[in-house]
Amino acid sequence: MTYNFFTDDRLQPSRIIDVLASCLSVDPNAVDVADIDGEQENRNWGALVFCDHSSVRGDVSLGLDIFVQDTVASRPAEDELASSFAGAAGVVVLYPAEEQIPSAYWLVTPAGLVTRARLLSSDDENPVYSIDAVEAAVPELPDVRVMQLPEIVREQHVPTPETQNFVRALISLQEAPDAPAELRFADEAGSPLRRARECLAAWERMVRRMVDSWGAAGKYPVELYSEALGARDQLAQLANNLPKAAADLLGKSVGRLDEEFIKRSTPDDTWAIESGILAGPRDVQECAWWWRHKPLILPWG
């Protein structure tokens, strides 16, 4: 099993050996630790645990690539080993998150705090790493900003039953013997109908989060809220470019979602300006009514 860690502090090889031996319940002599850029001739190729370490620049100091043989009884999940390693070594540990986002990491402190982190790297041949943001305050990193990471929220699955119903109803129309040609061939990649489906799903995902009181965390980035309003703008525009039967179906789906949105929002002409989304009152007045509504339960702040 493999593990990939970054630590905020540099550790001596002897310390890494002791920590890994303790966390994995193996003899220290069964742990091989070496600098990935150093000599490899004297490595213990019969070890149970291998760890390549490399010095890195920036907010993290050390990269660790760990491999544990299948014969080791204790092979914890990556989050479990990261937590035990952080506690035993007294360092902050970062490890890759499950999302396919290069900057998405989990961070765990020696005290056991676990939070999301955004780890950025420069384009240099020897990159510089920076911990750009975290979702919970980390005592060891007092200067790192605390915020909900929009890229993580964007990746989370949210059911979209209204969009699915729209798609099913649309397919029924398209498969009807008397379906007009413009409807049968309207759902191609890049077409207004395909874009309408995408925007409807985007609008619905945000509305469903409102219905769910913004989930367990009770938070939602204002950037994503404004993106959803932008999707609602596009739905209004795209309806004029669809075959009438498709436009009618879309209008009914959008209307039902709008009703849910109205129930859970309140008129407000200032939130977009205060949040930095719009420049001033003139911009607000030029926007559609949904831009002049803010959530009853404000998920950002």
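Computation of the quantities below employed the complete heavy-atom set of this structure, encompassing side-chain atoms and omitting hydrogens, waters and symmetry-equivalent molecules.
- At most 12 heavy atoms of other shown residues, nucleotides or ligands fall within 6.0 angstrom of atom CD in Glu39.
- The backbone N or O of Trp271 sits less than 3.5 Å from a side-chain atom of Ser275, completing a donor-acceptor pair.
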Item to complete: Please step through ring-ring contact (aromatic ring centres under 6.0 Å, His included) for the pair Phe6 and Tyr129, ending with a clear verdict.
Response: CA-CA 10 Å; Phe6 284 111; Tyr129 291 89; 4.9 Å; yes
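- With sequence neighbours excluded, the residues satisfying side chain to side chain donor-acceptor pair (under 3.5 Å) with Asp27 are Asn29.
- Using the six-membered ring where Trp is involved, His293 and Trp289 have ring planes that are perpendicular, over 60° apart on the 30 and 60° scheme.
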Per-pair distances, 0.1 Å, donor-acceptor, side chain in residues 134-147, under 3.5 Å, sequence neighbours excluded:
unit_1: Glu135; atom_1: OE2; unit_2: Leu149; atom_2: N; d: 2.9
unit_1: Arg145; atom_1: NE; unit_2: Asp132; atom_2: O; d: 3.3
unit_1: Arg145; atom_1: NH2; unit_2: Asp132; atom_2: OD2; d: 2.8

Worksheet item: Checking salt bridge (Lys or Arg N to Asp or Glu O under 4.0 Å) for the pair Glu259/Lys263: CA distance, chi angles, key distance, verdict?
Response: CA-CA 6 Å; Glu259 289 178 5; Lys263 288 178 186 176; 5.6 Å; no
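- Partners of Ser61 according to the side chain to side chain donor-acceptor pair (under 3.5 Å) rule, which considers only residues two or more places apart in sequence or in another chain, do not exist here.
- Scanning for salt bridge (charged side-chain N to carboxylate O under 4.0 Å, His left out) contacts around Arg209 gives an empty result, with sequence neighbours left out.
- Although no hydrogens or angles enter the test, the distance criterion places a donor-acceptor pair under 3.5 Å between the side chain of Glu204 and the main chain of Thr163.
- Around the CD atom of Gln12, the shell of radius 6.0 Å holds no more than 12 heavy atoms that belong to other residues, nucleotides or ligands.
- Leu238 belongs to no hydrophobic cluster, as no Ile, Leu, Val, Met, Phe, Trp or Tyr side chain comes under 4.5 Å of its own.
- In terms of modelled atom types and a separation under 3.5 Å, the side chain of Ser84 and the main chain of Leu81 share a donor-acceptor contact.
- Taking a 6.0 Å sphere around CG of Asn42, one finds it holds 12 or fewer heavy atoms contributed by other residues, nucleotides or ligands.
- For Asp212, there are no salt bridge (charged side-chain N to carboxylate O under 4.0 Å, His left out) partners two or more places apart in sequence or in a different chain.
- No donor-acceptor contact under 3.5 angstrom links the side chains of Thr266 and Asp268, judged on distance only.
- Among the candidates Trp203, Trp291, Trp290, the single residue satisfying the ring-ring contact (aromatic ring centres under 6.0 Å, His included) test with Phe261 is Trp203.
- Aromatic pair Trp300/Tyr225: centroids less than 6.0 angstrom apart.
- No more than 12 heavy atoms of other residues, nucleotides or ligands shown are found within 6.0 angstrom of CZ on Arg282.
- Pairing each heavy atom of Ala246 with each of Leu170, the nearest pair is CB-CD1, 4.0 Å.
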